[in-house]
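On a predicted model such as this, the values are computed, not experimentally measured, just so you know. Each ligand, and each atom within it, is numbered from 1 in the order the structure gives. These values consider heavy atoms only, across backbone and side chains, with no hydrogens, waters or symmetry-generated copies.
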Amino acid sequence: MSFLGNKAILDCLKKGKVIEAFEEQRIKNGAYELSLGEQVFLTNSGSKEIKNVEPQGVIHIEPGQFALLLTEETVKIPKDKIAFISIKAKIKFKGLVNVSGFHVDPDFKGKLLFSVYNAGPATIVLKRGDNYFPMWLAELSEKQNYKGTHINQNSIPSSPIEALSQGEFNSPQALMKEIGQSNSRITSLEKDNKANNYIAITALGFVFALLLKLAFDFYALDKGWDKAIEYNKKQVNIDSIINQRLLDKKQLLQEIELLTVKKDNLIKTK
Ligand SMILES: Nc1ccn([C@H]2C[C@H](O)[C@@H](COP(=O)(O)OP(=O)(O)OP(=O)(O)O)O2)c(=O)n1
C-alpha cells in the first residue's frame, strides 16, 4: 500500500471526482485539507439541536465539552483507495482530542463527521471554512464496495447526538470551582462546629460549676442544720438548769419566810 503524494492526489481529485469543487491549494504535504462545514453539535450549547454555522461564522468548544463537526466537503473515495483523516496539530495542541475513527472506507460517499473533546484549559474557537482536517489517500490492492451505515452522510446523524445528550458534561474547571466552593463550605462548617463545641464545652463547664456549688451549699446547709440542733439542745439544757435553780431559790425563800415567822412568834411569847 502506498500513499498518494501531492501530484497523485491532484490527479485523483480531477479524475475520480473525489471532492466536488476542490481547491488545489488545499493539497499540502501529501494530504487534502478538508474544512469545517455548516453543521455542528456542541454539548455546551444547552440545546440538543444541531447548530447551523454561517459562512465564516465561529463556534466555541468549552473545556470539558464534546462537539460533532461535519466537513464542508462531500468526499467520494474511489473503490481502489482508502483514506485516513485527522485534525491539524495546531488545533490538537490547544487540547482538542479526535475521539472518532480515522479511516474512510473505499467507495464511501458523504461528508465526514468528527467527534472531538476539548481536553484543554481554554475555549477552542473554530471557524467555518477553515482547513482543520487533513485527509490522506492510499492505494488498495483491489477494489472494495462500501455498504455501511454511513453511506451518503450529508448531515450529523441522530445516534451520536443522542449518545452525547445522556447527561451533563462538567468541565474540569467547573468541577474545580465546585470543589473549591465545597471546600469553603466545609471550612465554614468546621468553624461553626468549633464554635458550637466551644459553646457546648463552656455550657458544660458552667453546669458542672453550678452543680459543684449546689453540692457545697447543700453540704454547708446540712452541717449548719446539725450545729443548730446541737445548739438548741444545749440551750434547752441550760434553761432547765436555770429553772431548777429558780425553783430551789423559791423553796429556800419560803423556808426563810417560815423560819422568820417562827422566830417572831418565839420573841413575842418571851
Ligand atoms: N471520523 C469519521 C470516521 C468515519 N467516518 C465515515 C467514513 C467511514 O467509511 C464510515 C464508516 O466508518 P466505520 O466503519 O469506522 O464506522 P461504523 O462501524 O460506525 O460504520 P459501518 O461499519 O456501518 O460503516 O464512516 C466519518 O464520517 N467520520
Logged contact type for I85 with ligand 1, heavy-atom cut-off 4.0 Å, is side chain
Are F3 and F84 an aromatic pair by the rule of ring centers under 6.0 Å? yes
Residues K233, E230: salt bridge by 4.0 Å N-O rule: no
Can you list the ligand 1 atoms lying under 4.0 Å from a non-hydrogen atom of G148? 23 (O), 24 (O)
Side chain to side chain contact (heavy atoms under 4.5 Å, CB included) for T71 and L36? Distances and angles first, verdict last. CA-CA 5 Å; T71 57; L36 177 65; over 6 Å; no
Against ligand 1, does H103 come closer than 4.0 Å with any heavy atom? yes
Identify, by atom number and element, the atoms of ligand 1 in contact range of T149, meaning under 4.0 Å from any of its heavy atoms. 20 (O), 21 (P), 23 (O), 24 (O)
Nearest to atom 16 (O) of ligand 1, what protein heavy atom do you find, and at what distance? H150 NE2, 3.7 Å
Strictly inside 4.0 angstrom of atom 22 (O) of ligand 1, do you find any protein heavy atom? no
With distance as the sole test, does S100 use its side chain to make a donor-acceptor pair with the main-chain N or O of S115 at under 3.5 Å? yes
Counting from 1, what ligand 1 atoms have a heavy atom of S100 closer than 4.0 Å? 1 (N)
Going by heavy-atom distance to atom 10 (C) of ligand 1, choose the closest among Y146, F102, F84. Y146
Using a heavy-atom cut-off of under 4.0 Å, does the side chain or the backbone of Q153 touch ligand 1, or both, or neither? side chain
Which option, L113, I156, D105, owns the non-hydrogen atom nearest atom 12 (O) of ligand 1? D105
Name the one of N118, I124, V125 that satisfies side-chain contact (heavy atoms from CB on, under 4.5 Å) with H60? V125
Taking a hydrophobic cluster as the set of Ile, Leu, Val, Met, Phe, Trp and Tyr residues connected by side-chain heavy atoms closer than 4.5 Å, whether directly or through intermediates, do I82 and L112 fall within one such cluster? no
Other residues, nucleotides, ligands: >12 heavy atoms within 6.0 Å of E257 CD: no
Under-4.0 Å protein heavy-atom contact, atom 18 (O) of ligand 1: no
If you measure from CD on E33 to OH on Y132, what distance do you get to the nearest 0.5 Å? 11.5 Å
